[in-house]
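Note sheet for the following structure.
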There are 2 protein chains.
Amino acid sequence: MPVPLYQAKADFFRTLGHPVRIRVLELLRDGPRPVRELLNEIEVEASNLSQQLAVLRRTGLVSAVREGGTVVYSLATPDVVDLLAAARRILTDMITGQGELLAELQAEAAE
Amino acid sequence: MPVPLYQAKADFFRTLGHPVRIRVLELLRDGPRPVRELLNEIEVEASNLSQQLAVLRRTGLVSAVREGGTVVYSLATPDVVDLLAAARRILTDMITGQGELLAELQAEAAE
DNA sequence: TGTTGAATTGAAGAATTCTTCACATTACGA
DNA sequence: TCGTAATGTGAAGAATTCTTCAATTCAACA
């Protein structure tokens with residue numbers, strides 16, 4: 001580890017820590033899309049979406065190509081899909097855990 | 001998606017967006033550890049580490065067990081390992097990409 | 001009981017990130 | 001060339017997160 005590799009990792013995860021950015025990545029999982037389409041599916045102002053896309057671009061997670069009047073975005077690497085999948089597994093576990101906790105609480109209340 | 005599942009995902013990633021928290025998770029990958037040991041390996045004040053551990057606990061990523069005078073932390077789910085691995089793959093790709101970019105720039109400068 | 005080491009907590013100012021607004025840019029077609 | 005749709009950018013106040021400090025809890029032990 002040259003110096004702060006964990007800092008780079010933290011920055012990377014922080015990039016994912018925004019609902020709009022997450023949705024963009026999930027939409028791009030199915031293939032490239034123009035901004036206009038992203039805008040249709042995500043309820044957010046155009047300038048805000050642009051800001052978030054800029055963050056994703058800076059990090060290198062997505063790449064943009066201008067095609068005439070529109071700009072088409074796509075995932076920079078397919079590995080993003082694995083990452084999102086791993087995150088979903090953990091979230092599922094966590095929610096399941098909460099479900100178990102809830103069941104425990106209910107059983108307790110029923111005594 | 002019930003309502004803001006992407007919000008939950010974003011919150012989750014944001015939890016990982018801190019160098020100290022990343023290091024804790026990486027250390028716990030090798031097995032449970034008392035706070036004291038974590039403190040030895042991470043250059044940060046005790047109260048700061050506690051704050052970060054609290055964040056990880058709230059999110060449910062780690063669990064803590066008191067053993068006498070010390071508190072031992074461990075990963076709540078082994079899936080975290082997959083997640084960190086996926087992140088490392090992407091970071092590697094990104095750094096490789098930068099290396100290529102660098103090579104391009106050097107070739108360009110050498111013309 | 002008093003002390004000490006281990007860890008946590010609450011609170012406040014510092015630092016960072018978000019959202020929004022006004023204003024650029026770029027590409028096209030009237 | 002004008003007008004307009006599609007995107008992007010800079011900047012500022014709002015909101016969130018970090019760091020640090022003082023104080024607290026808990027357990028072990030003299």
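Just so it is clear, the model here is predicted, and its values are computed rather than measured.
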### Task
Go through the structure and list residues passing side chain to side chain donor-acceptor pair (under 3.5 Å) with B/Thr15, not counting sequence neighbours.
B/Thr59
#### Entry: Note: A/Glu43-A/Arg23 ion pair, threshold 4.0 Å (strictly below)
yes
### Query
Can any side-chain N or O of A/Arg88 pair as donor or acceptor with the backbone N or O of A/Leu83 at less than 3.5 Å?
no
### Summary
Correct closest heavy-atom pair for B/Leu28 and B/Tyr73 would be CD2-O, 3.5 Å
### Message
Counting the atoms with a prime plus P, OP1 and OP2 as sugar-phosphate, which does A/Ser50 contact under 4.0 Å by heavy atoms, base, sugar-phosphate, or nothing?
### Response
base
### Query
Do any N or O atoms from the side chain of A/Arg66 and from the backbone of A/Gly68 form a donor-acceptor pair under 3.5 angstrom?
yes
Using nucleotides 26-30 of chain C, report all nitrogen or oxygen pairs with the protein that are shorter than 3.5 Å.
none

### Message
Restricting to non-hydrogen atoms, name the atom on B/Gln52 and the atom on B/Val20 that form the minimum distance, rounded to 0.1 Å.
### Response
CG-CG1, 3.8 Å
### Query
Rounding to a whole Å, what distance do you find between B/Leu53:CG and C/dA7:P?
10 Å
#### Entry: Below 4.0 Å: OP1/OP2 of D/dG8 and any side-chain N or O of A/Tyr73
yes
### Query
Once you round to the nearest 0.5 Å, how far does CG of B/Leu5 lie from CG of A/Leu91?
7.0 Å
Show me the protein contacts with nucleotides 21-23 of chain C, counting only N or O atoms at under 3.5 Å.
from	atom 1	to	atom 2	distance (Å)
C/dC21	N4	A/Ser47	OG	3.3

### Message
Could you report the tightest heavy-atom contact between B/Gln7 and A/Pro19, atom names first, then the distance?
### Response
OE1-CG, 3.5 Å
### Task
Mind running a 4.0 Å heavy-atom check of residues 33-44 of chain A against DNA chain C and sending the residues that fall below it, in number order?
none
### Task
Considering non-hydrogen atoms only, spot the tightest contact between B/Val71 and B/Ala64 and give its length.
CG1-CB, 3.8 Å
#### Entry: Partner set under side-chain contact (heavy atoms from CB on, under 4.5 Å) for A/Val65, not counting sequence neighbours
A/Glu67
Which pairs, protein N/O on one side and nucleotides 15-17 of chain C N/O on the other, fall under 3.5 Å?
from	atom 1	to	atom 2	distance (Å)
C/dT17	OP1	A/Arg14	NH1	3.3

### Task
Taking only the side-chain heavy atoms of A/Ala54 (C-beta and beyond), determine which of C/dT8, C/dA6, D/dT9 contains the nearest atom.
D/dT9
### Query
Could you give the CG-to-P distance, from B/Leu49 to D/dT19, as a whole number of Å?
12 Å
### Task
Provide the closest heavy-atom pair for A/Leu27 versus A/Arg33 in the form atom of the first, atom of the second, distance.
O-NE, 3.5 Å
### Task
Report yes if the side chains of B/Arg21 and B/Leu16 come closer than 4.5 Å at any heavy-atom pair, otherwise no.
no
### Query
Which pair of heavy atoms, one from B/Phe13 and one from A/Leu84, lies closest together, and at what distance?
CE1-CD2, 4.2 Å
### Query
Does D/dT9 have OP1 or OP2 sitting under 4.0 Å from an N or O in the side chain of A/Arg57?
yes
